[in-house]
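Scroll down for the structure; my scribbles are underneath it.
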Protein chains: 2
Amino acid sequence: MNSMIKKTLQGANLKQTKARIAVLSALEESKVPMDASEIHKQIQKSNSDVDLATIYRILEKFEASGIAHRVNLNKDRFHYELLSLPHHHHVVCKVCGKVQDIQDCDLSTVEQSVKENLGFAIQNHRLEFFGFCKNCS
Amino acid sequence: MNSMIKKTLQGANLKQTKARIAVLSALEESKVPMDASEIHKQIQKSNSDVDLATIYRILEKFEASGIAHRVNLNKDRFHYELLSLPHHHHVVCKVCGKVQDIQDCDLSTVEQSVKENLGFAIQNHRLEFFGFCKNCS
DNA sequence: TTAGTATATGCAAGTCATTTGCATTTGTCA
DNA sequence: TGACAAATGCAAATGACTTGCATATACTAA
């Protein structure tokens with residue numbers, strides 16, 4: 001088994017179960033954030049199966065452990081992606097729904113002013129762009 | 001009746017109904033994005049009533065007409081706010097849930113690179129900060 | 001390696017935001 | 001004012017997500 005997966009679970013003090021390994025693998029293979037049902041289907045493609053309820057419970061654990069986090073793509077379900085990915089954001093096509101990553105994000109000026117003006121301690125942020133991808137333009 | 005509301009509906013080619021006026025008023029008075037149920041309660045406080053299903057249908061229309069838009073605060077429901085507000089973003093406290101506005105947002109550098117590298121035509125973006133507000137720090 | 005125990009899982013049922021069908025009401029325009 | 005498309009209320013449906021509970025499984029200590 002992928003030793004990266006093993007380490008990730010051990011590091012988070014989580015038992016290595018078939019279900020968790022399956023969810024982690026699915027997220028790892030994916031280039032874009034996945035929702036619970038997509039993860040479910042992906043696992044079934046690998047000739048395995050994990051109950052949807054279990055997937056939700058696992059995602060909750062993963063988020064609490066800092067393994068993954070919920071990203072909000074303005075759709076009617078939540079999506080999840082691994083936190084081991086370098087910090088980045090998403091570009092979502094309004095036509096085909098395609099999601100792409102972007103790496104740049106210099107928000108230091110904005111963050112500075114939030115801190116000074118509101119006394120707000122920023123922990124993290126979410127930045128998404130919506131528009132039309134190359135193909136749909 | 002508030003003539004601003006009248007103009008807004010006329011401008012969008014929407015019939016001026018009691019329900020739409022109520023929803024628009026609620027959104028206008030609010031300093032922060034509201035979800036459907038909050039709008040519902042706010043309307044009832046004004047001794048009026050509009051069915052929740054109708055509120056959802058109105059919000060959909062408002063979004064399609066560019067009167068309001070959905071903002072995603074990473075909560076389990078969608079929130080709506082008027083688009084007539086100057087462009088801004090939100091700061092959400094992870095402890096008390098308080099939402100505040102910020103006006104600054106210079107993303108021109110980031111946007112430029114998205115355009116050049118991905119050929120993606122940006123229509124709008126969403127930027128939210130999460131952390132601890134002054135009181136909860 | 002094995003028994004013991006806390007934890008994880010599957011299944012079924014529940015919850016809750018949001019949507020939809022349909023009969024009725026209402027705004028608008030001629 | 002009358003006609004008609006569009007909007008609304010109500011009730012029922014949908015679909016994502018959660019929860020209760022009995023069973024299965026991973027890990028630990030001997």
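Quick note on labels: first sequence line is chain A, next is B, and so on, each numbered from 1.
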Which is true for [X] with a 4.0 Å heavy-atom rule: it touches a base, it touches only sugar-phosphate, or it touches nothing?
{"X": "A:Asp49", "answer": "sugar-phosphate"}
{"X": "B:Ala53", "answer": "base"}
{"X": "A:Ile58", "answer": "sugar-phosphate"}

Report the nucleotide, chosen from [options], that has the shortest atom-to-atom distance to any side-chain atom of [X].
{"X": "A:Arg77", "options": "D:dC27, D:dA16, C:dC11", "result": "D:dA16"}
{"X": "A:Tyr56", "options": "C:dG10, C:dT18, D:dA16", "result": "D:dA16"}
{"X": "B:Thr17", "options": "C:dG10, D:dT8, D:dG9", "result": "D:dT8"}
{"X": "B:Lys15", "options": "D:dC21, D:dC27, D:dA7", "result": "D:dA7"}
{"X": "B:Asp51", "options": "C:dT28, C:dT9, D:dG9", "result": "D:dG9"}

More 5' along DNA chain C: B:Glu60 or A:Ile55, using each one's nearest nucleotide?
-> A:Ile55
Return the 5'-most residue of the pair B:Arg57, B:Phe78 with respect to DNA chain C, ranking by each residue's nearest nucleotide.
-> B:Phe78
Qualifying residue, where the test is side-chain contact (heavy atoms from CB on, under 4.5 Å) with B:Pro33 and the options are B:Leu27, B:Leu82, B:Val71 | B:Val71
C:dG27 base / B:Arg20 side chain donor-acceptor hit below 3.5 Å | no
Once you round it to whole Å, what is the distance between C1' of D:dT8 and CG of B:Leu59?
-> 14 Å
Using atom NZ of A:Lys18 as one end and atom P of C:dT7 as the other, report the distance to the nearest whole Å.
-> 21 Å
Other residues, nucleotides, ligands: >12 heavy atoms within 6.0 Å of B:Gln44 CD | yes
Hey, does the side chain of B:Ser65 reach the backbone of B:Lys61 with a donor-acceptor pair shorter than 3.5 angstrom?
-> yes
Residues A:Gln42 and A:Glu38: side-chain donor-acceptor under 3.5 angstrom | no
